[in-house]
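FYI, side chains are in, hydrogens and waters are out, and symmetry mates aren't considered; it's all heavy atoms of this structure. Everything numeric here is computed off the predicted structure, so don't read it as measured data. Letters A, B, ... are given to chains in the order of the sequence lines, protein chains preceding strands, and every chain is numbered from 1.
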Amino acid sequence: MSSDVTGTVTGTTDGTTAATAAGTPGGTAAATAAGPGAPLPPPAHGSAGERRLYWALADCWTVVRRDLTHLAKQPSVIAWQLGFPIVSVLLFVFVFGSAMDVGEGVDYKDYAMPGMFAMTMAFGFMNTAMSVVIDKERGVTDRFRSMPMAPSAVVTGRGVSDVLHAALDLLVMAGIALVVGWRSDGGLFATVYAFALLLLLRFSLIWVGVWLGLIAPNQEVAGNLFAVAFPFGMISSVFTPPSAMPDWLGAIAMWNPVSATSNAVRELYGNPLPVGSSWIEQNSALMAVVSPLVITAVFLPLAVRKFQRLSA
Amino acid sequence: MTTTPGEAPPAGGREFSVVAQGLRKNYGDKRALDGLDLAVPRGTVFGLLGPNGAGKTTAVRILCTLSRADGGSAGVGGHDVTSRPREVRRSIGLAGQHPAVDEIMTARQNLEMFGRLFHLGRARARLRAGELLEQFGLSDAAGQQPKNFSGGMRRRLDLASSMILAPEVLFLDEPTTGLDPRGRSEVWQAVRSLTETGTTVLLTTHYLDEADKLADRIAVIDRGRNVTDSSPAFGGETPTPAALKRAIGGDRIEVMAREAADMPDIVKAVARVAAEGSEPETEDATGRIHASVPAGEGVAALTEVARGLQEAGITVEDIGLRRPTLDEVFLTLTREKQEAAA
């Protein structure tokens, strides 16, 4: 059984083909001698399984580097993606803030900022879906799939990139929050844990995004996901407590995973929060972990199966 | 099938880089491939011609392991596409209908990324990127983003990306669709230089002149079947462009009369060499008289008509032999098929 690494010369059954193809006038002698078709075998020993794992990780990292390059080349993308949350901060904290009364004499800023963090994470699945659909439309996904790379890297690379991207989003958001006067009073561990919970929410939604991106026929349709993302982010405890909403809407908002994360991180940041007495609102710390895990358990297999179905 | 049973492995061996036997594929109710047979000789440029929806892209997707066939078998570079997809992926390059390059990374970064994904390692990926940029005339644009490239340049970068491992078989799915004439000729030149290195190229196109210019062999597919190989005219082999035109269309002899009064005599002379069942056609307005002549007898027929006219003392404006265009061939082949089906 030839594995990823050992079956080196199928592409160049006759070495001459490879050598001539590579041996262009500018070609370096060393490269020509090695032949372009001989993949590098970094782990000199190890089982086929270990080598496969090595390449799954190495290929994933190569795909992640691609996204990091995008970010480095177009830092303005971050600004565009954060445009909505930033405008929201300004609107809700400064424009509506004075009229917002979430009860118990809470400063609205302390209520809204953690909610805004959670909303940014919630909207992130659109970015994932858009990246997936663009690669699919442009044929990049097919090119990857026609290459001898680890097929899993296409999906895992997306996941890792998006978590890194989300971490950067949070960093920028937290910076803005600090500027407008928000502070975490929860201590280092609690604060870090709160950011981890936010990333967990984003992580679980990556699979929703991948799945939707593979289903969406084109970029236009993926762009319309905003119609889903908007209520998903807003009908929650992000801006107002569900208890202040009509009963039926409040019930939906309470059970929205975004609410659980919002409430949990407010508590961790030590921002005083008015929550209702329902079970779901009293157990937000638990649900902020459970909900993302459930979403992942449902959508990760769906996304993987959809990806494999591309070859149907 | 041209493979010798027992000698060559079913996946295609020494002689053929790509072999497909009875490939079938349905998308819902739509039958994309209906028993497609192909045999692509090693080191050739093989043109797969057909109208939109004939199954060209489906065939390429199956051969590139992007799609699974519902029936039949196929091998690329000696490996079965279903049971050995990894090996197949290591022996192919694919340039699909749209240039699949990253728009934001530079040309060099693109090639380095693909090199790393082909497991060349960082240093060799960098080296190979430099070679390919040179080979495809992109050295000057190495540091630019493809979004600023012309269509032809983008296509060349796409081709370079599919040549990282100097693949045994390169699949080009409509490589010049959407390009301006300059872009097309750039791509043609790039493809020709590849074939000099011994790479087998399977090219799909609906531009007949493209197949005529680039391909050594041409198979016409229509409704998911290979209608050239199954045609008795080629004895079960995939014809060269010239053979295809000769066998299907035959040559046409064309005379332009100088004096309208000479036309009846010219028609008589042409009629003597015309193929059986083919009457000379005349266009009074232009003075053009033309008729089909039997395959392979074009030159003899031309000589005979010229001598006949000379002996009769008729001078003509022009006389010549015209090969049928692939368009005509294509229409003939697909029409035959339709009549057979009816």
For this session: Search all heavy atoms of Ala39(B) against all heavy atoms of Phe46(B) and return the closest pair with its distance.
Result: O-CE1, 3.5 Å
Problem set entry | Side-chain donor-acceptor contact under 3.5 Å, Thr205(B) with Glu210(B) | yes
Problem set entry | Residues from residues 93-104 of chain B approaching chain A under 4.5 Å (heavy atoms) | Leu94(B), Ala95(B), His98(B), Pro99(B), Ala100(B), Val101(B), Asp102(B), Glu103(B), Ile104(B)
For this session: Taking only Lys NZ, Arg NE, NH1 and NH2, and the carboxylate oxygens of Asp or Glu, determine whether Arg128(B) and Glu131(B) approach each other closer than 4.0 Å.
Result: yes
Seminar exercise, completed: So, the part of Ser193(B) with a heavy atom under 4.5 Å from chain A: the answer is neither
For this session: Could you tell me whether a side-chain N or O of Asp59(A) sits under 3.5 Å from a main-chain N or O of Ala150(A), the two making a donor and an acceptor?
Result: yes
Exercise. Without hydrogens or angle criteria, can the side chains of Thr62(A) and Arg122(B) be said to hold a donor-acceptor pair below 3.5 Å?
Worked result: no
For this session: Side chain from CB out, backbone as N, CA, C, O: work out which of these in Ser162(B) comes under 4.5 Å of a heavy atom of chain A, or both, or neither.
Result: both
Problem set entry | chain B contact via Ser146(A) - which portion, at a heavy-atom distance below 4.5 Å | both
Exercise. Which heavy-atom pair separates Val76(B) from Leu63(B) by the least distance, and what is that distance?
Worked result: CG2-O, 3.5 Å
For this session: Go through the atoms of Phe114(B) and report whether side chain, backbone, both or neither lie under 4.5 Å from a heavy atom of chain A.
Result: both
Exercise. Just wondering, are more than 12 heavy atoms of other shown residues or ligands nearer than 6.0 Å to CD in Gln189(B)?
Worked result: no
Problem set entry | Closest approach of Arg42(B) to Ser17(B) (non-hydrogen atoms, all atoms of both residues) | CA-OG, 3.5 Å
Problem set entry | Trace of the side-chain contact (heavy atoms from CB on, under 4.5 Å) decision for Leu120(B) with Ile164(B) | CA-CA 9 Å; Leu120(B) 287 184; Ile164(B) 302 272; 3.8 Å; yes
Seminar exercise, completed: In terms of heavy-atom contacts, Leu117(B) and Met149(A) come closest through O-CB, 3.6 Å
Exercise. Does a donor on one side chain sit under 3.5 Å from an acceptor on the other, for Thr120(A) and Asp169(A)?
Worked result: no
Exercise. Listed by residue number, which members of residues 209-223 of chain A have a heavy atom under 4.5 Å from any heavy atom of chain B?
Worked result: none
Exercise. Taking only heavy atoms into account, what residues of residues 136-145 of chain A are found under 4.5 Å from chain B?
Worked result: Glu137(A), Arg138(A), Gly139(A), Val140(A), Asp142(A), Arg143(A), Phe144(A), Arg145(A)
Exercise. What pair of heavy atoms forms the shortest contact from Ala142(B) to Leu133(B), and how long is it?
Worked result: CB-CD1, 3.6 Å
For this session: Kindly say whether Leu48(B) contributes a backbone atom to a donor-acceptor pair with the side chain of Lys56(B) at under 3.5 angstrom?
Result: no
Problem set entry | Contact class of Asp158(B) relative to chain A, heavy atoms under 4.5 angstrom | both
Exercise. Which word best sums up how the rings of His119(B) and Trp55(A) line up, parallel for under 30°, tilted for 30 to 60°, or perpendicular for over 60°?
Worked result: parallel
Exercise. Does any donor atom in the side chain of Ser161(A) or Asp67(A) lie under 3.5 Å from an acceptor atom in the other side chain?
Worked result: yes
For this session: Measure across Pro41(B) and Thr200(B) and return the closest heavy-atom pair with its distance rounded to 0.1 Å.
Result: O-CG2, 3.8 Å
For this session: Keeping the roles fixed (side chain from Asp80(B), backbone from Thr82(B)), state whether a donor-acceptor pair exists under 3.5 Å.
Result: yes
Exercise. By number, which residues in residues 146-156 of chain B have some heavy atom less than 4.5 Å away from chain A?
Worked result: Lys147(B)
Problem set entry | Heavy-atom proximity to chain A below 4.5 Å, by part of Glu112(B) | neither
Exercise. With a cut-off of 6.0 Å (strictly less than), are more than 12 heavy atoms of other residues, nucleotides or ligands near CZ of Arg192(B)?
Worked result: yes
Exercise. Do the rings of Phe203(A) and Trp207(A) sit parallel, tilted or perpendicular, given the 30° and 60° boundaries?
Worked result: perpendicular
